[in-house]
Protein chains: 2
Amino acid sequence: MPKENAGKITSMTTIKEIAKLAGVSRSTVSRVLNNDENVSDQTRVKVQTIINKTGYQPSPVARSLISGRTHVLGLVVPMIVSSLFRDPFFSILAQGISSACTLNNYTLMLWLIEPHSEQRIYDNILNNRLIDGLIVSSSKIGDRLIERLIEKKTPLVQVGRNDCPGVSSVDADNIHGAMQAVKHLVSIGRRQIATITGQMELYSGVDRLAGYKRGLVESSLPILDERIAFGNFTEESGYNQTKLLLAKSKFDGLFVASDTMAFSAIQALQEAGLRVPEDVAVVGFDDIPAAAHNHIPLTTVRQPIQKMGSIAAQTLIDQLEQKDTSTARRIILPTELVIRDSTKKSAFSNHYAPDQVQTTT
Amino acid sequence: MPKENAGKITSMTTIKEIAKLAGVSRSTVSRVLNNDENVSDQTRVKVQTIINKTGYQPSPVARSLISGRTHVLGLVVPMIVSSLFRDPFFSILAQGISSACTLNNYTLMLWLIEPHSEQRIYDNILNNRLIDGLIVSSSKIGDRLIERLIEKKTPLVQVGRNDCPGVSSVDADNIHGAMQAVKHLVSIGRRQIATITGQMELYSGVDRLAGYKRGLVESSLPILDERIAFGNFTEESGYNQTKLLLAKSKFDGLFVASDTMAFSAIQALQEAGLRVPEDVAVVGFDDIPAAAHNHIPLTTVRQPIQKMGSIAAQTLIDQLEQKDTSTARRIILPTELVIRDSTKKSAFSNHYAPDQVQTTT
DNA sequence: CTGAAAGCGCTAACAA
DNA sequence: TTGTTAGCGCTTTCAG
């Protein structure tokens, strides 16, 4: 890097002025700017000197008007209040996406969807012609936004499962993750394993329940309705559904579909006079940092959020730049069981498989 | 709202086509688009009908080329790893900013600064001509980015204290917050109050230390060097500095400049055989959600992060739209003491003053 | 009240 | 290898 563009003249130069200063035409300057071969070395140097001296930067807006591309990616995240305050999911995802953008010379535009102004923001996003493509995170199953984006042919990558043909997606392996959780409980001797599910409007909720069931089946344990309580990922539901479970069934293991719910579930268990993990062993999901803290006997399933972000961004960029054939990609990243209890303090990694990449048409 | 723009033709229409369809000139369409008065009602209706029917949206890029404005705000956040994973600060701030943007028909562009690619991102931001103005959060004292932005005359609002003349800022009242903390400790009978500071490269670190000192002075207690340990907001430093404090002084109260550090401080205290809060009462800062959890005897000082975000955005937008005189504003929002200990479970609000707004030239 | 024409800053044929 | 010309989609004088 040449010793930091010092002595830069802070101005709003245009290509015209550069051309004048260099004594060439605007096209020539443009050629230099775009590394066109058809410029003599002499001219190139002359022009480049002026460009450096003035600190000239071509207007991205003018460029976009011609190219039809802005080099801007959009990120849409629904902000469910509960998760916002506890969960670094969004921060970490954004970090992954942001670094992939930087790497590829893209910038990132952000929409946080608050439930009450959903419609307005949707219109805003849909009519926004400033972005080249969009990453949509954790949308509800059958969300109208996705449909409309598809109609508009917006290049799209979904973070989380998505069944729309033609839409790429990046997801954690929620099914396998939940299976890991159940099997862990089985491995420490639990046989009566209950669950508190997430929202059934989210694939993460649906898939974690599916994984729970499959884990039971593969362990030759029965699936009992009375051991399934339907939460919605909020702390409150974790508490209430635990009370409900306690009322209607007996269990010595509990798989909770999110750490946030798991915290309040543990609280409810303790209030009911049960010891965790002695009487009921609990496994959560997400590995939120509060769990890493002292005295919380919570084993959990971790998803590679940052990686999901960067892969999503990279997938979208590849798609935009046609680096790959325009087939949709379904990428599923492995989860990791993090064992954290009184007896064992350190995290135990268990990568069960290399990244799975499926390609569909 | 007319029954949701149904039957919209999903196309990339231009003003030219609308003009042709409506049988008028492009100028007239433009006038309708911009609510110009000089259009007959008849024509207006005719044109508007076509616009609605086609779902036409004018290209923001073309508009920007003319107006020189993009209606895009930038947000720059340094991503210190430690805070990223524990701290919802960024999420909440972004939420506040985002909602103000939506309200004003702006969109938000995001840069997360990872320490290792700082220089590259700075150049990226500085040369980005896509944004009308920038919100910079928690930058280090004397950060080169701010200087360079000022040179470039980028409209700017700082989240956090900033002394540059001409730069508006929105900050929590860290000084008063720390005073609240100290006075609380005094009020519960502590007289030997130590502190673990934040990073001295951040105003939040500096100001919280200043508030600690002022709190002692106003309580007629001595300021002792041996009771001050310099941390850097990371969990690790909280732990180490507590050990250090324990080695060099005796204290029955501890003000820690962030909850993140406070957690590990408590751990260190407990490992040293001290009871919290009986032997040492601890007050943190930030009110991070993990603190809200069971069994953590941590009183803390809360800052109105979301509000800071929305006010920052609104201030910037006002500045851009010249709604106010172009004087810089320094806005300082009050903090709130949140008492949370074994004896008292519910949060106790203590608004000490209405918003303070200072205006400087 | 409406249309024709010029131009925002840049790129991309097409000539020279 | 270079300059000239047109035009991306829109707004904005300036005539009419």
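Values in this document were obtained by computation on a predicted structure and should not be read as measured data. Each chain gets a letter, A, B and so on, in the order its sequence line appears, and its residues count up from 1.
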Within residues 62-71 of chain A, which residues have any heavy atom lying less than 4.0 Å from an atom of DNA chain C?
A62(A), R63(A), L65(A), I66(A)
Close residues, residues 28-38 of chain A, relative to DNA chain D [heavy-atom separation under 4.0 Å]:
T28(A), R31(A), N38(A)
Going by the rule side chain to side chain contact (heavy atoms under 4.5 Å, CB included), which residues pair with T107(B) if we only count those two or more places apart in sequence or in a different chain?
M109(A), W111(A), N124(A), N128(A), V72(B)
So, taking the atom named OG in S310(B) and the one named CD1 in I305(B), what distance separates them when rounded to the nearest 0.5 Å?
12.0 Å
Assign V61(B) to base, sugar-phosphate, or nothing according to its heavy-atom contacts below 4.0 angstrom with the strands shown.
nothing
Under a 3.5 Å distance rule, please check whether D36(B) uses its side chain to pair with a backbone N or O of N38(B) as donor and acceptor.
yes
A side-chain contact here means heavy atoms from C-beta on lying under 4.5 Å apart; do T28(B) and R31(B) qualify?
yes
Mind jotting down which residue pairs meet the side-chain hydrogen bond (donor to acceptor under 3.5 Å, both in side chains) criterion with at least one end in residues 134-143 of chain A? Sequence neighbours excluded, please.
Y122(A)-D143(A), S139(A)-Q158(A)
Sequence-distant partners of S64(B), side chain to side chain contact (heavy atoms under 4.5 Å, CB included), two or more places apart:
V61(A), T70(B)
Do L156(A) and N162(A) have side chains that approach each other closer than 4.5 Å (heavy atoms only, starting at C-beta)?
no
Contacts of L21(B) that satisfy side chain to side chain contact (heavy atoms under 4.5 Å, CB included) - sequence neighbours left out:
I50(B), T54(B)
Partner set under side chain to side chain donor-acceptor pair (under 3.5 Å) for D163(B), not counting sequence neighbours
R161(B), Y203(B)
Give the first and the last nucleotide of DNA chain C, reading 5' to 3', that has any atom under 4.0 Å from a heavy atom of chain A.
dG9(C) to dA13(C)
Salt bridge check: are R148(B) and E151(B) linked by an N-O gap of less than 4.0 Å?
no
Can you pull out how bent the helix from dC1(C)-dG16(D) to dA16(C)-dT1(D) is, comparing the axes over its first five and last five pairs, to 10°?
50°
How would you label the contact of T14(B) with the nucleic acid (heavy atoms, under 4.0 Å): base, sugar-phosphate, or nothing?
sugar-phosphate
According to ring pair (Phe, Tyr, Trp, His ring centres under 6.0 Å), who are the partners of Y106(B), at least two apart in sequence or on a separate chain?
H71(B)
For chain A, the stretch of DNA chain D it reaches, first to last nucleotide, under 4.0 Å of its heavy atoms:
dT1(D) to dG9(D)
Is the shortest side-chain heavy-atom distance between L75(A) and V136(A) below 4.5 Å?
no
So which one's nearest nucleotide on DNA chain C is more toward 5', R129(B) or D41(B)?
D41(B)
S67(A): what forms a side chain to side chain contact (heavy atoms under 4.5 Å, CB included) with it, not counting sequence neighbours?
R69(A)
Has S117(B) got a side-chain atom pairing as donor or acceptor with R120(B)'s backbone, closer than 3.5 angstrom?
no
I'd like to know if the side chain of T102(B) pairs up with that of S99(B) as donor and acceptor (distance under 3.5 Å, no hydrogens or angles considered).
no
